A.B. asks: 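This structure is in structure tokens; I'll ask about it shortly.
Because the structure is predicted, anything quoted here is derived from the model rather than measured. Residue numbers begin at 1 in each chain, while the letters A, B, ... track the order of the sequences.
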There are 2 protein chains.
Amino acid sequence: MYRSNTCGALRASHIGSEVVLSGWVHKLRDKGFVVWVDLRDRYGITQLVFDEDRTPKELLEQARELGRETVIQVKGEVIERASKNPNIPTGEIEVLVKELTILNKSLLPPFTIEDETDGGEDIRMKYRYLDIRRNPVKNKLIFRHKVSMEVRKYLSEQGFIDVETPYLIKSTPEGARDFLVPSRMNEGQFYALPQSPQTFKQLLMVGGLDKYFQIVKCFRDEDLRADRQPEFTQIDCEMAFVEQEDILNTFEGLTKHLLKEIKGVEIDEFPRMTFDDAMRLYGNDKPDIRFGMRFGELNAVAQHKDFNVFNSAELVVGIAVPGAAEYTRKEIDALIDWVKRPQVGAKGMVYVKCNEDGSYKSSVDKFYDQDDLAQWADVTGAKPGDLICVLSGNTNETRAQLSALRMELAERLGLRKPDEFAPLWVVDFPLLELDEETGTYHAMHHPFTSPKPGQLQLLDTNPGAVKANAYDLVLNGNEIGGGSIRIHDKQVQATMFKHLGFTPEEAKAQFGFLMDAFQYGAPPHGGIAFGLDRLVAILGGQETIRDFIAFPKNNSGRDVMIDAPAKIDEEQLKELHLKLNM
Amino acid sequence: MYRSNTCGALRASHIGSEVVLSGWVHKLRDKGFVVWVDLRDRYGITQLVFDEDRTPKELLEQARELGRETVIQVKGEVIERASKNPNIPTGEIEVLVKELTILNKSLLPPFTIEDETDGGEDIRMKYRYLDIRRNPVKNKLIFRHKVSMEVRKYLSEQGFIDVETPYLIKSTPEGARDFLVPSRMNEGQFYALPQSPQTFKQLLMVGGLDKYFQIVKCFRDEDLRADRQPEFTQIDCEMAFVEQEDILNTFEGLTKHLLKEIKGVEIDEFPRMTFDDAMRLYGNDKPDIRFGMRFGELNAVAQHKDFNVFNSAELVVGIAVPGAAEYTRKEIDALIDWVKRPQVGAKGMVYVKCNEDGSYKSSVDKFYDQDDLAQWADVTGAKPGDLICVLSGNTNETRAQLSALRMELAERLGLRKPDEFAPLWVVDFPLLELDEETGTYHAMHHPFTSPKPGQLQLLDTNPGAVKANAYDLVLNGNEIGGGSIRIHDKQVQATMFKHLGFTPEEAKAQFGFLMDAFQYGAPPHGGIAFGLDRLVAILGGQETIRDFIAFPKNNSGRDVMIDAPAKIDEEQLKELHLKLNM
């Protein structure tokens with residue numbers, strides 16, 4: 001038996017007991033006549049004591065030599081600590097060691113195993129097993145476990161069935177690029193790893209399973225942007241005999257449950273907003289509504305003067321930045337430089353200072369008078385002391401630019417509070433999205449999303465205007481889940497494929513099994529998928545997902561710890577009927 | 001709202017309520033003046049009634065035309081049923097339909113959606129979504145869900161943390177063949193899909209996570225034997241600071257919990273047996289101990305006469321088949337033919353009938369007298385009325401043959417009762433296994449398994465004799481779990497790799513990260529993995545796993561429903577820097 005207790009277990013009530021502990025040497029303080037060792041395991045830290053009076057000399061010397069991260073086992077007596085440490089649960093006691101066994105030695109770790117480490121991202125990833133010993137990483141993994149368990153518990157109690165869908169499936173041209181798996185037994189053929197179990201969950205609904213969920217890995221072979229992973233985890237759900245309202249209610253329930261159980265936060269009813277409103281009011285389909293700074297469209301009150309920049313713009317739009325009227329000229333210039341960075345891409349920025357005395361001072365005073373500016377303040381909701389920032393240009397681009405500015409300013413002003421949670425349903429997404437480059441439409445959500453009732457015929461005349469029964473759940477400015485009511489009618493599905501540019505033959509080759517299934521009594525159905533990595537990070541008050549993943553990959557899709565991907569043997573290639581083509 | 005209740009919900013207490021139901025037309029009985037429809041969903045069947053007296057004529061006609069598997073929605077009143085059906089929970093009521101909406105039509109299914117279907121395996125797999133509508137399949141999937149949930153609940157309560165390990169990892173030459181995933185971003189390099197998360201779970205122990213579990217898909221690109229799948233599911237577990245005893249106790253706890261919660265079966269303490277004893281007594285490292293028929297080794301009592309077949313054999317071994325003394329000559333000949341089939345491979349079989357009067361009648365009466373045969377009966381534990389079956393030859397082969405015969409006879413005698421559960425720990429497995437073809441040793445469990453304390457030096461002199469800290473959990477003659485205490489010392493691991501034929505360079509290239517990890521304070525650790533597919537099947541009283549998997553693959557590794565694997569575009573190949581080599 002390696003231990004009678006963990007390093008987080010002992011309390012004053014254990015004083016006098018003989019115990020066996022095992023763990024890592026976290027820290028050692030050698031005062032000459034006494035040596036204290038902080039022994040660490042997953043559960044906590046317990047102080048061990050060796051001293052001249054009570055410890056055999058040899059044992060004391062042995063203790064003195066213990067290096068950091070050495071794995072040891074000790075037997076000893078729990079005693080009261082002279083100077084108690086109220087900051088840790090075991091702070092009232094220490095263990096007077098009588099026997100010490102070294103279970104494994106350790107080289108000096110390449111970075112310190114402390115909450116604040118000296119290790120950079122790269123070295124931490126290479127030695128991820130050491131990084132996981134650090135509380136911040138360890139606790140994030142345990143936090144993720146808790147969230148997963150609560151999700152499963154809640155959905156199971158609601159009658160959802162966890163069904164494992166296959167990982168070796170078929171490549172589909174729609175959507176992102178698939179990871180492919182060559183088949184040895186079926187020469188020249190390939191499996192694909194699922195981008196999501198979309199068609200399988202729909203087939204489970206056709207199969208009458210009624211309510212399905214799965215926490216499942218999904219795969220996308222995309223060029224990785226920061227904080228994206230080639231493999232990621234979804235909470236994947238589907239329900240039959242439901243309308244959009246049923247799904248929103250069910251998963252609002254799940255999200256409320258998580259916020260309550262995990263964060264102790266109770267939220268009443270989640271607000272809902274149409275996609276169009278989200279774009280108009282926040283320039284963004286995943287608005288962070290923890291704070292205001294809603295967009296005010298200024299065309300009507302800014303295009304009647306001789307200011308050509310505005311007059312020639314499709315959209316003039318501004319936000320009121322609370323308390324920022326006091327920004328210096330230098331600060332404002334820096335802000336203008338910020339919006340002009342290539343990542344944001346604005347050509348410039350007009351500003352209005354709303355002075356405390358009710359007067360206005362703007363960068364366009366030679367075009368607009370105080371009454372004009374008062375109207376701008378009215379439209380943007382600016383109060384005395386606020387700074388109005390105005391951008392103009394093409395609608396889509398300008399909204400994106402102002403949205404970026406809004407988020408940046410909120411960050412600077414400390415308005416994006418990690419312990420505040422503001423969920424929001426965004427509904428009525430467009431069914432199709434125009435690819436500006438190719439001039440063709442593709443599915444905004446996926447090709448199985450149902451158009452709104454009665455809008456099917458619009459597909460021929462004005463495809464961009466068709467709205468879908470699709471919805472996203474947004475939390476603190478992040479899309480944490482998205483889904484839709486699906487098409488369950490073979491004819492409608494065929495029409496959709498046609499509009500997405502599939503020939504009937506292509507549609508049959510790729511999705512024949514689904515179209516077939518729709519002929520045998522497919523029920524109305526719909527679902528949602530949550531990005532677990534993101535959800536867990538946001539619940540944990542963080543913006544980046546990497547430390548909530550035990551073994552993440554870097555931006556080149558590499559696991560630097562195990563050094564994968566890697567070259568393979570010629571023999572393996574041959575078995576797969578492949579040659580390199582480089 | 002598609003329904004106010006499910007098709008399994010309504011009882012006598014609902015009589016008088018207005019309800020909305022949705023589901024599939026399961027069956028229709030048309031008596032002319034009245035039409036009954038069995039409406040089915042996941043939750044059950046509710047009888048709908050349409051009759052001349054109470055139903056508008058048009059509605060009655062519409063009902064009459066409903067085809068099987070049509071998806072409908074009805075509104076109506078719950079009424080008392082004239083002739084109650086005590087066999088179903090909703091048998092006291094029926095719903096008098098007032099409105100009927102056809103939600104989706106259905107073609108005639110290719111097989112009947114009944115508990116006993118007329119569909120063969122192939123057609124059921126092609127239309128798996130229809131097969132899942134059948135109770136036997138649907139219930140197996142729901143059963144699997146329950147088992148998974150109980151596993152997670154139990155392990156979580158025991159302090160295990162569910163950690164997701166990566167699916168895109170590195171190919172290792174050890175063990176079975178990997179499925180490979182070409183990397184687009186890392187030209188000429190490949191990921192591999194995990195055969196198990198073995199090294200990652202060990203690294204989590206090095207990382208101090210202490211107790212890990214995961215229900216995880218694993219992949220093996222092997223030529224598929226019956227009832228094997230290229231992707232399968234493991235309950236994967238690992239613990240730090242444990243000895244074998246701790247692991248056996250923990251997972252005996254899990255298995256007891258499952259047997260109790262899922263099957264209502266309480267089992268006290270699981271028996272344990274060494275690998276050597278299992279081979280000696282059952283000819284098998286996964287003995288079914290629901291019944292006796294233990295092997296009796298007869299060399300000492302059968303090699304003293306002139307029967308050359310026995311005298312030249314390495315092993316003479318028999319079993320007593322209860323009550324089989326009455327087998328006719330013809331039945332015994334059939335049994336002899338059975339053991340001589342190529343799948344079993346015995347050269348012949350000697351038998352002894354133990355007559356009720358205490359006398360013996362054998363096929364070798366000219367060599368052995370009644371006293372000899374009485375000794376055989378004594379060694380095999382045969383009683384009057386039993387039949388002793390004796391095989392002889394090379395030890396390993398003969399044991400395997402007699403084991404096959406034992407299982408076959410138990411099956412015929414109805415001794416393998418699906419509702420009886422007999423778990424068994426098999427311990428002290430050999431560390432290495434000799435590959436008879438190549439003459440080299442390979443790891444019986446895997447290369448990370450720890451030899452028994454003190455046996456490391458035996459590796460040089462008698463590698464086949466080294467026992468490992470490895471164990472299997474056997475349930476009803478199936479290995480449902482297996483694991484080991486791992487090596488946590490870099491030197492021992494290097495020695496193991498050497499004995500397995502790795503050069504130091506190869507070991508470093510493949511497992512350098514693990515060897516590195518062992519230098520930074522790896523704790524003693526060990527674990528176990530259960531085959532979930534098999535475990536669920538056995539708990540469900542079945543021997544085949546296929547119907548406990550929602551979308552299984554066939555014996556060529558194909559998913560016949562979605563038709564995968566499949567050819568891919570030239571463009572996709574090119575992106576992966578590959579050419580076909582066929």
A.B. asks: Can you say whether B/V137 sits under 4.5 Å from chain A via the side chain, the backbone, both, or neither, judging by heavy atoms?
C.D. replies: neither
A.B. asks: Tell me if a side-chain donor or acceptor on B/R42 pairs with a main-chain N or O of A/G208 at a distance below 3.5 Å.
C.D. replies: no
A.B. asks: Classify the angle between the aromatic ring planes of B/Y129 and A/Y520 as parallel (below 30°), tilted (30 to 60°) or perpendicular (above 60°).
C.D. replies: tilted
A.B. asks: Under 3.5 Å, is there a donor-acceptor pair between the side chain of A/E231 and the main chain of B/L168?
C.D. replies: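 The answer is yes, because a donor-acceptor pair under 3.5 Å joins these two groups.
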A.B. asks: Identify which of B/G67, B/S148, B/G159 forms the greatest number of heavy-atom pairs closer than 4.5 Å to chain A.
C.D. replies: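 Between B/G67, B/S148, B/G159, the count favours B/G159.
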A.B. asks: When you look at B/L103 and A/F241, which way does the side chain to side chain contact (heavy atoms under 4.5 Å, CB included) test go after all the steps?
C.D. replies: CA-CA 10 Å; B/L103 298 174; A/F241 299 113; 4.1 Å; yes
A.B. asks: Just so I understand: if I count every heavy-atom pair under 4.5 Å between each of A/R128, A/E245, A/K211, A/M205 and chain B, which residue has the most?
C.D. replies: A/K211
A.B. asks: Measure the CZ-CG distance between B/R133 and A/L209 for me, rounded to the nearest 0.5 Å.
C.D. replies: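 Atom-to-atom, B/R133:CZ and A/L209:CG are 11.5 Å apart.
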A.B. asks: Side chain, backbone, both or neither: which part of A/A240 has a heavy atom under 4.5 Å from chain B?
C.D. replies: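 Backbone only.
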A.B. asks: Look up atom CG in B/L141 and atom CG in A/L204, then write down how far apart they are to the nearest 0.5 Å.
C.D. replies: 7.5 Å
A.B. asks: Report which part of B/I102 has an atom under 4.5 Å of a heavy atom belonging to chain A: side chain, backbone, both, or neither.
C.D. replies: neither
A.B. asks: Roughly how far, to the nearest 0.5 Å, is the CD1 atom of A/I169 from the NZ atom of B/K553?
C.D. replies: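 Spacing of NZ (B/K553) from CD1 (A/I169) equals 8.5 Å.
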A.B. asks: If you count heavy-atom pairs under 4.5 Å between each of A/R40, A/R68, A/M1 and chain B, which one has the most?
C.D. replies: A/M1
A.B. asks: Would you mind checking which part of B/V163 comes under 4.5 Å of any heavy atom in chain A, side chain (CB onward), backbone (N, CA, C, O), both or neither?
C.D. replies: side chain
A.B. asks: Give, for atom CG of A/L180 and atom CG of B/L576, the distance between the pair rounded to the nearest 0.5 Å.
C.D. replies: 5.5 Å
A.B. asks: Which pairs count as ring-ring contact (aromatic ring centres under 6.0 Å, His included) when at least one residue sits in residues 549-582 of chain B, sequence neighbours excluded?
C.D. replies: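 Pairs touching residues 549-582 of chain B that pass the test: A/F200-B/F551.
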A.B. asks: Using modelled atom types only, decide if a donor and an acceptor are shared between the side chain of B/N186 and the backbone of A/G557 within a distance under 3.5 Å.
C.D. replies: no
A.B. asks: Only pairs of heavy atoms separated by less than 4.5 Å count here; which of A/S171, A/A509, A/A517, A/A564 has the most with chain B?
C.D. replies: A/A517
A.B. asks: At a 4.5 Å cut-off on heavy atoms, which part of A/L130 comes close to chain B: side chain, backbone, both, or neither?
C.D. replies: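 Looking at A/L130, just its side chain touches chain B.
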A.B. asks: Pick from B/Y167, B/Y127, B/F179, B/F160: which one has the most heavy-atom pairs with chain A under 4.5 Å?
C.D. replies: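 The option with the most such pairs is B/Y167.
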A.B. asks: So which of B/Q229, B/E243, B/E69 has the biggest tally of heavy-atom pairs under 4.5 Å with chain A?
C.D. replies: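 The residue among B/Q229, B/E243, B/E69 with the greatest pair count is B/E243.
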A.B. asks: Who wins among A/L203, A/I132, A/I161 for the most heavy-atom pairs under 4.5 Å with chain B?
C.D. replies: A/I161
A.B. asks: Non-hydrogen atoms of chain A under 4.5 Å away: do they reach the side chain of B/Y43, the backbone, both or neither?
C.D. replies: side chain
A.B. asks: Is B/I549 in contact with chain A via its backbone, its side chain, both, or neither, using a 4.5 Å heavy-atom distance?
C.D. replies: neither
A.B. asks: Can you tell whether the side chains of B/R3 and A/D210 come within less than 4.0 Å, N to carboxylate O?
C.D. replies: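 Salt bridge flag = yes for A/D210 with B/R3.
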A.B. asks: Assess whether a salt bridge exists between B/D223 and A/R184, defined as any Lys/Arg side-chain N lying under 4.0 Å from an Asp/Glu carboxylate O.
C.D. replies: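 Counted as a salt bridge, because a side-chain N and a carboxylate O are separated by less than 4.0 Å.
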A.B. asks: With a 4.5 Å cut-off on heavy-atom pairs, point out which of B/V181, B/L108, B/D221 contacts chain A the most.
C.D. replies: B/D221
A.B. asks: Top residue by heavy-atom pair count (under 4.5 Å) with chain A, among B/P552, B/P110, B/A522?
C.D. replies: B/A522
A.B. asks: Go through the atoms of A/R152 and report whether side chain, backbone, both or neither lie under 4.5 Å from a heavy atom of chain B.
C.D. replies: both
A.B. asks: Can B/V71 and A/H488 be said to form a side chain to side chain contact (heavy atoms under 4.5 Å, CB included), step by step?
C.D. replies: CA-CA 11 Å; B/V71 187; A/H488 64 277; over 6 Å; no
A.B. asks: Output, in order, the C-alpha distance, side-chain angles, deciding distance and verdict of side chain to side chain donor-acceptor pair (under 3.5 Å) for A/Y191 and B/D559.
C.D. replies: CA-CA 10 Å; A/Y191 302 98; B/D559 182 326; over 6 Å; no
A.B. asks: What distance do B/Q189 atom CD and A/L580 atom CG have between them, rounded to the nearest 0.5 Å?
C.D. replies: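 The CD atom of B/Q189 sits 10.5 Å away from the CG atom of A/L580.
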A.B. asks: Using non-hydrogen atoms and a 4.5 Å limit, figure out which bit of B/L193 sits close to chain A: side chain, backbone, both or neither.
C.D. replies: side chain
A.B. asks: I need the residue from B/I215, B/L514, B/I113, B/T233 with the largest number of non-hydrogen atom pairs under 4.5 Å to chain A.
C.D. replies: B/T233
A.B. asks: Side chain, backbone, both or neither: which part of B/L573 has a heavy atom under 4.5 Å from chain A?
C.D. replies: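 The answer is the side chain of B/L573.
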A.B. asks: Based on non-hydrogen pairs under 4.5 Å, which of A/P230, A/P182, A/G512, A/A550 is most in contact with chain B?
C.D. replies: A/P182
A.B. asks: Of the backbone (N, CA, C, O) and the side chain (C-beta and beyond), which part of B/S22 lies under 4.5 Å from a heavy atom of chain A, both, or neither?
C.D. replies: both
A.B. asks: According to salt bridge (charged side-chain N to carboxylate O under 4.0 Å, His left out), does anything in residues 563-581 of chain B pair up with another residue at least two apart or in another chain? List the pairs.
C.D. replies: A/R177-B/E575, B/R558-B/D563
A.B. asks: Let me know if B/M561 has heavy atoms under 4.5 Å from chain A in its side chain, its backbone, both or neither.
C.D. replies: both
A.B. asks: Could you state the interatomic distance from CZ (A/F213) to NE2 (B/H145), rounded to the nearest 0.5 Å?
C.D. replies: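 Rounded to the nearest 0.5 Å, the CZ-NE2 separation comes out at 5.5 Å.
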A.B. asks: Heavy-atom pairs under 4.5 Å with chain B are the metric here; pick the option from A/S183, A/A192, A/P523, A/P109 that has the most.
C.D. replies: A/P523
A.B. asks: Where on B/E222 is there a heavy atom nearer than 4.5 Å to chain A: the side chain, the backbone, both, or neither?
C.D. replies: backbone
A.B. asks: So which part of B/Y212 gets closer than 4.5 Å to some heavy atom of chain A, the side chain, the backbone, both or neither?
C.D. replies: neither
A.B. asks: Measure B/K153 against the heavy atoms of chain A and call it side chain, backbone, both or neither at under 4.5 Å.
C.D. replies: backbone
A.B. asks: Given A/K217 and B/K217, is the side chain to side chain contact (heavy atoms under 4.5 Å, CB included) satisfied, shown in steps?
C.D. replies: CA-CA 10 Å; A/K217 273 280 175 81; B/K217 273 281 176 79; over 6 Å; no
A.B. asks: Could you tell me which portion of A/D162 (side chain, backbone, both or neither) has an atom closer than 4.5 angstrom to a non-hydrogen atom of chain B?
C.D. replies: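 Both backbone and side chain of A/D162 come within 4.5 Å of chain B.
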A.B. asks: Is B/D131 in contact with chain A via its backbone, its side chain, both, or neither, using a 4.5 Å heavy-atom distance?
C.D. replies: neither
A.B. asks: Given heavy-atom pairs under 4.5 angstrom as the criterion, report whether the side chain, backbone, both or neither of B/D533 touches chain A.
C.D. replies: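 Neither part.
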A.B. asks: Where does A/M582 contact chain B at under 4.5 Å (heavy atoms): side chain, backbone, both or neither?
C.D. replies: both
